[in-house]
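Below is one structure, written out as structure tokens; the observations come after it.
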Amino acid sequence: MLRSPFFYFIITLFLFSCEEKKPVNPKKESIEKEAIILRDKAIESFDKQDFNTSFYQFNKSKALFEVIKDSVNISYILIRIAEIHQRNGDYYGSKEIITEALPYIKKEVYSASANNYLGIADKELSLYDDAIFYYKKAADEYTDPLYKHGPLQNIAVVYTQQKKYVEAIHILDSLLKSLSSKQLKDKAIPSDKSILLDNLGYAYFKKGMNEKGFQLMTEGLQIRIDTKDTYGSIESYLHLADYYSKKNAKKSDENALLAYKAATKLNSVDERLEALQILISNDNSSNTPNYTQKYFTLNDSIIKVRNNFKNKSAKIKYDSKKEKDENEKLRLEKAENLLSLQKAKYMRIVFVIVFIFLVILIAILIRYYKNKNKAIEFKSSYDTETRIAKKIHDELANDVFQVIAFAESQPLAVENTKENLLQKLDDIYGRVRGISKENNKVEVGTGFIKSIKEMLSAYNTSERNIMSTNLESVHWETIDEIKKITIGRVLQELMVNMKKHSKASLVIIKFESDAKSIFINYTDNGIGCEKTAISKNGLQNMESRIETVKGTIEFDTEPDKGFKAKIVIPK
């Protein structure tokens with residue numbers, strides 16, 4: 001979305017709409033000339049995707065424009081810096097930069113672009129309602145009907161992610177029809193139509209109207225192929241890969257690979273990761289382990305690059321601020337924009353009030369559900385305490401007794417005896433930590449997804465890969481706490497069982513959901529076991545937990561054929 005033709009068009013407009021003030025003295029003229037040269041070099045570096053250099057040059061240029069109080073160029077540069085933050089996955093940093101730009105913004109087109117970037121940041125941070133709020137503000141501020149298409153399309157994309165398919169289809173269909181109007185017919189370019197066709201088709205497909213959705217997505221892809229819109233084709237291939245994922249795994253793989261190749265050519269890392277995730281999720285070829293390795297390697301690489309960018313940008317910001325403090329402050333400009341700051345302050349107050357209201361409402365709901373599920377929680381606590389007591393009795397009490405007997409019967413002055421005793425005590429200590437870890441608290445709030453990922457990643461080793469897919473696709477905020485705790489405990493027990501018995505090198509956990517249930521499919525390539533031996537591996541406790549929330553769990557395993565578990569939990 002960030003590199004669509006629409007955004008390039010807007011950025012070009014920004015550049016040529018900058019009103020550079022006439023110099024009033026030789027010194028000001030020299031500073032302005034140097035600032036413009038740095039600005040133009042930063043734009044060239046950005047176009048070459050050399051974002052670190054572009055970031056540095058934009059900041060140097062901004063510092064010079066601040067000296068001559070050129071608020072138009074300052075606001076333009078801050079918006080471009082915010083875009084660089086978004087390109088590097090730093091959406092919180094992007095929002096900070098946009099907020100810094102607001103007092104300097106005097107052009108409506110700049111304000112609209114700032115709100116659009118705030119919408120993009122909130123969308124990527126899964127703050128969907130906030131994203132829609134900013135997109136609507138951007139659409140209202142654009143006076144050109146074609147410019148309005150950008151934020152309105154983004155609203156439709158958010159609606160699709162929220163599963164509000166009817167609202168998304170209504171917006172996209174209306175925009176598509178407007179391209180044929182006299183007002184837009186001569187202005188629109190092929191990519192304007194292709195992106196609408198693709199997103200509209202995807203919304204129809206998600207709504208269950210597969211035939212119409214497929215037709216529109218295919219038509220959009222063909223326009224992109226004909227116009228050599230390589231970047232746009234990536235999204236088309238990803239949508240078609242999703243479309244075929246449950247119909248024809250081979251075609252889904254083909255489209256995912258086409259998306260991966262195009263994204264690799266354009267160095268679009270996020271799209272490459274999405275394509276690899278589809279290929280891994282399909283698990284339709286012998287190359288799946290290779291795709292998995294590529295996914296982890298690429299993901300680690302982008303995290304390293306983005307962290308490096310954050311470190312460099314922090315230093316550049318610090319140096320720029322230090323230089324700014326040595327120059328004359330923009331008191332006049334700030335005074336002229338005091339009203340804008342006051343409005344922003346009032347908006348923050350409103351947000352705080354809404355946030356406090358939501359916190360109170362959530363607290364009331366939590367109290368209600370806690371009381372409602374008190375009997376279930378009591379039984380779960382009792383079962384947990386019984387299980388821990390049994391573990392301590394069966395696994396630790398006898399060992400401690402043996403260590404005591406060993407210490408009483410053996411001469412501790414002998415070095416080998418002392419080392420043997422210490423080894424036995426260390427083993428008991430490790431087992432006590434294991435029991436504690438298996439029964440620690442499960443995060444059930446907004447950090448639930450993060451806590452599950454961290455728990456699963458704790459079992460990753462150099463010899464074993466743990467991979468989860470579609471975890472974010474489930475609307476966890478609608479799931480009550482008891483079920484989240486149950487899911488967390490069951491996944492933890494599966495991991496413990498795998499570590500103790502499976503000897504697996506690859507574990508895949510796939511999450512899916514529909515209107516009524518959550519589906520969790522666990523698969524590993526370990527040694528497996530006889531089905532009759534399942535109860536001996538400590539899996540009965542999982543069945544008890546699942547039954548408590550009226551769910552089901554099925555195991556499928558054979559010696560040397562891995563281990564599978566299918567979990568279904570009603571919403």
Side-chain angles (χ1 to χ4, degrees), residues 2 7 10-11 13-14 17-19 55 58-59 61-63 65-66 69-86 90-143 147-148 150-152 154-155 158 310 313-314 317-318 320-321 324-325 327-360:
L2 291 176
F7 276 94
I10 293 298
I11 292 302
L13 175 68
F14 283 171
S17 65
C18 288
E19 297 175 357
F55 185 91
F58 271 134
N59 272 282
S61 176
K62 179 174 78 73
F65 280 125
E66 286 173 341
K69 301 180 180 179
D70 187 343
S71 61
V72 174
N73 269 298
I74 292 170
S75 58
Y76 166 74
I77 288 172
L78 285 170
I79 291 172
R80 296 305 304 271
I81 290 173
E83 186 183 8
I84 293 174
H85 276 276
Q86 293 195 358
D90 183 14
Y91 297 104
Y92 286 112
S94 171
K95 291 178 70 173
E96 291 178 1
I97 297 298
I98 293 293
T99 303
E100 182 183 348
L102 291 177
Y104 301 102
I105 292 175
K106 294 182 179 180
K107 287 177 171 286
E108 287 184 357
V109 68
Y110 280 29
S111 178
S113 180
N115 282 312
N116 202 56
Y117 276 114
L118 286 171
I120 292 171
D122 282 336
K123 171 185 170 291
E124 295 300 325
L125 294 170
S126 298
L127 302 172
Y128 295 128
D129 291 335
D130 290 346
I132 290 173
F133 170 81
Y134 287 115
Y135 284 146
K136 286 181 177 178
K137 285 190 68 176
D140 291 338
E141 288 171 336
Y142 283 128
T143 56
Y147 291 175
K148 290 178 180 288
L152 290 175
N154 291 339
I155 290 172
V158 173
K310 289 179 182 178
S313 66
K317 287 178 183 177
Y318 172 79
S320 178
K321 184 179 183 299
K324 178 182 177 182
D325 291 339
N327 298 323
E328 182 183 357
K329 307 297 181 182
L330 298 175
R331 292 189 181 91
L332 180 60
E333 289 290 329
K334 292 180 180 179
E336 291 174 349
N337 291 283
L338 182 60
L339 181 59
S340 296
L341 288 171
Q342 197 68 23
K343 288 181 179 179
K345 181 181 178 180
Y346 291 147
M347 188 61 70
R348 287 195 296 271
I349 292 172
V350 171
F351 284 149
V352 169
I353 293 172
V354 172
F355 176 77
I356 292 172
F357 172 79
L358 289 175
V359 169
I360 294 172

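None of the values given here were measured: they were computed from a predicted structure. Computed over heavy atoms, backbone and side chain alike; hydrogens, waters and symmetry mates excluded.
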Could you measure the distance from the [atom1] atom of [X] to the [atom2] atom of [Y]? Nearest 0.5 Å is fine.
X      : Y      : atom1 : atom2 : answer
Ile79  : Ile98  : CD1   : CD1   : 5.5 Å
Lys137 : Ser111 : NZ    : OG    : 6.5 Å
Asp70  : Phe65  : CG    : CZ    : 5.5 Å
Asp90  : Ile97  : CG    : CD1   : 9.0 Å
Leu358 : Ile353 : CG    : CD1   : 12.0 Å
Asn115 : Leu102 : CG    : CG    : 7.5 Å

Does [X] reach the main-chain N or O of [Y] with its side chain, forming a donor-acceptor pair under 3.5 Å?
X      : Y      : result
Glu66  : Ile74  : no
Ser75  : Ser71  : yes
Tyr135 : Ile120 : yes
Lys148 : Tyr142 : yes
Asn116 : Ala112 : no

- Residues Lys62, Glu100: salt bridge by 4.0 Å N-O rule: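 Yes, Lys62 and Glu100 are salt-bridged.
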Practice problem: Could you tell me whether Asp130 and Lys123 make a salt bridge, using a distance below 4.0 angstrom between a side-chain N and a carboxylate O? | Solution: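 The answer is no: the pair does not qualify as a salt bridge.
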Check your understanding: Would you call the rings of Tyr76 and Tyr110 parallel, tilted or perpendicular if under 30° counts as parallel and over 60° as perpendicular?
Key ->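 Tyr76 vs Tyr110 ring planes: tilted.
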Task: Non-hydrogen atoms of Ser94 and Ala82 that approach each other most closely - done: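 Heavy-atom minimum between the residues: OG-O, 3.3 Å.
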- Could you pull out the closest heavy-atom pair between Ile105 and Ala114, with the gap in Å?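 Looking at all heavy atoms of both residues, the shortest contact is CD1-CB, 3.9 Å.
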(request) Ignoring hydrogens and angles, state whether a donor on the side chain of Glu96 or Tyr92 is under 3.5 Å from an acceptor on the partner side chain. (result)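 Judged by distance alone, the side chains do not pair up.
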Indicate yes or no: at least one non-hydrogen side-chain atom of Phe55 is less than 4.5 angstrom from one of His85.
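Yes - at least one pair of side-chain heavy atoms lies under 4.5 Å apart.
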